[in-house]
**Student:** 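I'd like to ask some things about the structure below.
Note that the numbering runs from 1 along the sequence shown for the chain. Owing to the predicted nature of the structure, the values given are computational and were not obtained by experimental measurement. Heavy atoms only: backbone and side chains are in, while hydrogens, waters and symmetry mates are out. Read the numbers this way: they start at 1 and go in the same order the structure lists the ligands and their atoms.
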Amino acid sequence: MSSPMEVTLQDANETGTCKSDVVSESVTSSLLVDDKVLVSVEVCLKPSSTARIEDVQAAVERMLEKRSLSYTDGPVPVPDGDPFIQENVQRICICDTDESVQNHGILLFWQVKPVVHVFQLSEEGPGEEISGDGQLSSFNEWILPAKEFDGMWESLIYEAGLKQRLLRYAASALLFTEKGVDPFLVSWNRIILLHGPPGTGKTSLCKALAQKLSICFSSRYPQCQLVEVNAHSLFSKWFSESGKLVAKLFQKIQEMVEEENNLVFVLIDEVESLAAARKAALSGSEPSDSIRVVNALLTQMDKLKSSPNVIILTTSNITAAIDIAFVDRADIKAYVGPPTLQARYEILRSCLQELMRTGILSCSKEHLILPNYVSLRDKLNMPEQLEPLVPLDLAKQLLAVAELCEGLSGRALRKLPFLAHAALANPYHCDPSKYLCTLTETAKRELSEI
Ligand code: ADP
């Protein structure tokens, strides 16, 4: 069996650009075709729209042909002069050009070949499956792309490269199966394992990845589902139920997979509990039922391997304790670590921007855009260009907080701005600079408690 590919945040610089094939082309922005960079353009339809996807796609492609602006990540204004697009489109967004492109993510229009993905968010919410005794929730199920996961991909901040590489690995795996590559000659599974400390965004990244792929592959797979299983819940005290739960769960997944236009993601959280259950059974402290459950789960996963339209996403908080049989099955084993200084700054910056946008922090217009980490570094290295001063002072203050927060998880960082607000003497009229002082104090308190 081939060993899993280890991806870490540290090896972010080697990018391994591939110039070839159809499906992967439409997934990431960094591939070159006819010397042009393929850029993914996502078009979200209004919930009320009943327009045909192909019509909207053609209309947006025509609109982009006329465009003579540079391409950077972020929203593209919906054009005023096009009533069809106006009526049907909620937003248009250029995605993730910056991870692979030099020059701070700016591409000139003639360097770009836009690849348009049109989608409508499902508002159905999760379907939850409760086991026979009415107490144990064994899995949740979503239709993708789902409203709940909208914006999640963008909100997760890692060192450059990780998100794009996960996207490319998944795209290659789907492509290999789609093209019928012989698994005896080239071996690959469609299993991804994200491991690392708790709160580093692994579960969210799996969900966001599934959402992103459902959008990128919507022309091949018009229907897409995510099934979320908490491995821990399979190994609760109801061991006699566990076997039945696994069987029921995989029967359901098998039914979904039989529909060849369905792309199915299975998210298994906390897979370390598989190893724990097996170990406990061997030492005699748990019923040997648990071994049968782990084995049943692994066998079912192997069965799914023959289906081209399934991707299994797994997470674990404890690297050492992951079942070795399980690690062997994963193609991609990615370590997701605590946020770096740049990621901490960007996470806190996005929080601060949101508090300014919603008016929780009072600010004049000039405060509104804080420089990102890269341009802040550039500005600090060229002091003669230090203007305008006010956002820069705030950004420097924010950078100091980000430096202080070393050791806090992404989850803790996203909570920090709320805790700081709750600690303010006057929460209704809050100046950003004073708020950042409180944020510093709050960070110190949180750090002293870990
Ligand atoms: P894990 O599965 O690793 O325990 P979660 O996916 O439950 O982590 O993360 C919880 C929340 O923490 C996320 O929804 C997100 O808001 C925040 N978070 C964690 N890591 C990051 C990150 N690198 N960038 C932005 N937000 C993060």
**Student:** Looking at OG of Ser218 and CD of Glu42, how far apart are the two atoms once the value is rounded to the nearest 0.5 Å?
**Tutor:** 9.5 Å
**Student:** Please report, to 0.1 Å, the donor-acceptor pairs under 3.5 Å made by any side chain of residues 442-450, with sequence neighbours excluded.
**Tutor:**
from   : atom 1 : to     : atom 2 : distance (Å)
Thr442 : OG1    : Thr438 : O      : 2.7
Ser448 : OG     : Arg445 : O      : 2.6

**Student:** At less than 4.0 angstrom from any non-hydrogen atom of Thr203, what atoms of ligand 1 do you find?
**Tutor:** 2 (O), 6 (O)
**Student:** Considering only protein heavy atoms, which is closest to atom 7 (O) of ligand 1, and at what distance to one decimal place?
**Tutor:** Arg411 NH2, 2.9 Å
**Student:** State the CG-OH distance between Leu213 and Tyr221, to the nearest 0.5 angstrom.
**Tutor:** 11.0 Å
**Student:** Is Arg190 reaching over with its side chain to a backbone N or O of Ile311, donor-acceptor style, under 3.5 angstrom?
**Tutor:** no
**Student:** Should you measure from each heavy atom of Ser155, which atoms of ligand 1 turn up under 4.0 Å away?
**Tutor:** 24 (N), 25 (C), 26 (N)
**Student:** How does Thr200 reach ligand 1, if at all, at less than 4.0 Å between non-hydrogen atoms: by side chain, backbone, both, or neither?
**Tutor:** both
**Student:** Would you call Arg91 and Asp150 a salt bridge, taking side-chain N to carboxylate O under 4.0 Å as the test?
**Tutor:** yes
**Student:** Near Pro198, which atoms of ligand 1 are under 4.0 Å from a heavy atom of that residue?
**Tutor:** 4 (O)
**Student:** Take every heavy atom of Pro339, measure it against each atom of ligand 1, and state whether any distance is under 4.0 Å.
**Tutor:** no
**Student:** Would you say Gly201 has any N or O atom under 3.5 Å from an N or O of ligand 1, going by distance alone?
**Tutor:** yes
**Student:** Counting only N and O atoms by type, is there a donor-acceptor contact under 3.5 Å from the side chain of Thr200 to the main-chain atoms of Gly196?
**Tutor:** no
**Student:** Which atoms from ligand 1 have a heavy atom of Ser204 less than 4.0 Å away?
**Tutor:** 5 (P), 6 (O), 9 (O), 13 (C), 14 (O)
**Student:** Which protein heavy atom lies closest to atom 3 (O) of ligand 1, and at what distance to 0.1 Å?
**Tutor:** Lys202 NZ, 2.6 Å
**Student:** Given 3.5 Å as the limit, does a donor-acceptor pair link the side chain of Ser49 with the main chain of Lys46, or not?
**Tutor:** no
**Student:** Starting from atom 21 (C) of ligand 1, find the nearest protein heavy-atom neighbour and note its residue, name and distance.
**Tutor:** Gly410 CA, 3.8 Å
**Student:** So, are Lys252 and Glu141 salt-bridged, with charged N and O less than 4.0 Å apart?
**Tutor:** yes
**Student:** If I apply the N/O under 3.5 Å rule, does Ile157 come out as touching ligand 1?
**Tutor:** yes
**Student:** Flag Gly199 as yes when one of its N or O atoms lies below 3.5 Å from any N or O atom of ligand 1, and as no otherwise.
**Tutor:** yes
**Student:** Looking only at heavy atoms of Thr315, does any of them come nearer than 4.0 Å to an atom of ligand 1?
**Tutor:** no
**Student:** Quick one: do Lys212 and Glu154 make a salt bridge, cutoff under 4.0 Å?
**Tutor:** yes
**Student:** List every atom of ligand 1 that sits less than 4.0 Å from any heavy atom of Tyr158, numbering the atoms from 1 in the order shown and giving each element.
**Tutor:** 23 (N)
**Student:** Which atoms of ligand 1 have any heavy atom of Ile347 under 4.0 Å away?
**Tutor:** 22 (C), 24 (N), 25 (C)
**Student:** Below 4.0 Å, non-hydrogen atoms only: which portion of Ala343 touches ligand 1? Side chain, backbone, both or neither.
**Tutor:** neither
**Student:** Any side-chain hydrogen bond (donor to acceptor under 3.5 Å, both in side chains) involving residues 407-424? Give me the pairs, sequence neighbours left out, ordered by first then second residue.
**Tutor:** Ser350-Arg414
**Student:** Walk me through it: do Val89 and Cys44 pass the test side-chain contact (heavy atoms from CB on, under 4.5 Å)?
**Tutor:** CA-CA 6 Å; Val89 171; Cys44 180; over 6 Å; no
**Student:** For Arg414 and ligand 1, does the shortest N/O to N/O distance drop below 3.5 Å?
**Tutor:** yes
